[in-house]
Amino acid sequence: MPIIVCTNHLLSFPSLPTTSTADDEGFTEYLYKILVVGDIGTGKTSIIKRFVHNIFSMHYKSTIGVDFALKVINWDPKTEVRLQLWDIAGQERFGSMTRVYYKEAVGALITFDVTRASTFEAVAKWKADIDSKVTIGPDERPIPVVLLANKCDLGKEGFIKTANEMDKYCKDNGFIGWFETSAKENLNIEKASRFLVEHILKMDIRRNQPPTEDKGKIDLSDKTTPPTSGGCCNK
Ligand code: G3D
Ligand code: MG
């Protein structure tokens, strides 16, 4: 079964040839690098663990360096999406990451903790860091980023923003959407990730070219539904 290693060089580059990637049944795998960034303690590792292994643990030790996790999504009968999730584990204190770390990412999740307003203030810094270090296509568009208001199972004394204000914040700051999440209660993590993947698949030229009769090539018809706007778990 072939795997499309979809680095961001292959997104929105109409001039790039569509390599022979589908098997005889037209089954295709896409591999996407996704960054998970945000201030320390906002729940990045918990979100990844919940999403990938469906576990929540108060007792794991955060590692120093970069952790990777792989999430395989059976997108539709002919498409498998593999998300390579990059957890910055321990590097948050530097407030930014090196360009090499962001290289070839095609999407990102930025987390903040709804109980600590300072972590929301840091969101703009993380977004700027991503936008300055990784882009897509010859016109250097920003990669799609979803904002996660995590720990929504807890009180929000430290952070009072309405859904409308969050919508406006996302629009003004170039986020494709936002979700209230809880790694603890498994709220909206799957939904937020699928929302990001839908967006990435729409940008992937190999999925959006007209279907071809050529058996050796991938089925490029776009079967994705349009993404709905970000939501929150209290709605
Ligand atoms: P980080 O990877 O961004 O640094 P972690 O954050 O995933 O390590 O989470 C930091 C702490 O927040 C952990 O608690 C974790 O259990 C907790 N946490 C993460 N997500 C949630 C959530 O959605 N709800 C609640 N209530 N807690 C969450 P400890 O006590 O282990 O430091
Ligand atoms: Mg961590």
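Counting starts at 1 for both ligands and their atoms, in listed order.
Heavy-atom proximity to Lys44, at under 4.0 Å, picks out these atoms of ligand 1: 1 (P), 2 (O), 3 (O), 4 (O), 6 (O), 7 (O). Near Ser46, the atoms of ligand 1 lying under 4.0 angstrom from a non-hydrogen atom of the residue are 5 (P), 7 (O), 9 (O), 15 (C), 19 (C), 20 (N). Taking a cut-off of under 4.0 Å to the non-hydrogen atoms of Ser182, the atoms of ligand 1 that pass are 23 (O). Taking every heavy atom of Ile40 and a limit of under 4.0 angstrom, the matching atoms of ligand 1 come to 4 (O). The Asn150 neighbourhood of ligand 1 comprises atoms 20 (N), 21 (C), 23 (O), with distances under 4.0 Å to a heavy atom of that residue. Numbered from 1 in the order shown, with element, the atoms of ligand 1 that lie under 4.0 Å from a heavy atom of Leu154 read 26 (N). Near Thr45, meaning under 4.0 Å from one of its heavy atoms, ligand 1 places the atoms 2 (O), 7 (O). Residue Asp39 has at least one heavy-atom neighbour below 4.0 Å for each of these atoms of ligand 1: 3 (O).
Qualifying salt bridge (Lys or Arg N to Asp or Glu O under 4.0 Å) partners for Lys125, counting only residues two or more places apart in sequence or in other chains: Asp39. Residues passing the salt bridge (Lys or Arg N to Asp or Glu O under 4.0 Å) test with Lys133 are Asp129, sequence neighbours excluded.
Side chains of Ile73 and Lys71 form a contact here, defined as non-hydrogen atoms less than 4.5 Å apart. Looking at heavy atoms from C-beta onward, Ile130 lies in side-chain contact with Ile110 at the 4.5 angstrom threshold.
Note: no N/O pair closer than 3.5 Å links Thr181 and ligand 1 by distance alone. Where the criterion is an N or O separation shorter than 3.5 Å, residue side chain and backbone included, Ala183 meets it with respect to ligand 1.
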Could you walk me through whether Asp113 and Thr119 satisfy the side chain to side chain donor-acceptor pair (under 3.5 Å) test, starting with their C-alpha distance in whole Å, then the side-chain angles of each, then the deciding distance to 0.1 Å, before giving a yes or no? CA-CA 6 Å; Asp113 173 348; Thr119 64; 5.4 Å; no
Mind running side-chain contact (heavy atoms from CB on, under 4.5 Å) on Phe51 and Glu190 for me, showing each step along the way? CA-CA 6 Å; Phe51 185 47; Glu190 183 98 24; 4.2 Å; yes
Test side-chain contact (heavy atoms from CB on, under 4.5 Å) on Val37 and Tyr102 and set out the steps. CA-CA 10 Å; Val37 298; Tyr102 290 141; 4.3 Å; yes
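Between Phe120 and Tyr169, the two ring planes are tilted [angle within 30° to 60°].
The only option from Leu70, Ile34, Ile47 that meets the side chain to side chain contact (heavy atoms under 4.5 Å, CB included) definition with Leu85 turns out to be Ile34.
When distances to the Mg ion (ligand 2) are checked against a cut-off of 2.8 Å, Ser46 contributes no N, O or S atom below that limit.
Closest heavy-atom approach to atom 10 (C) of ligand 1 within the set Gly41, Ala149, Gly38: this belongs to Gly41.
Only the side chain of Asp153 comes within 4.0 Å of ligand 1, counting heavy atoms alone; its backbone N, CA, C and O stay farther away.
Heavy-atom separations between Asp87 and ligand 1 are all 4.0 Å or longer.
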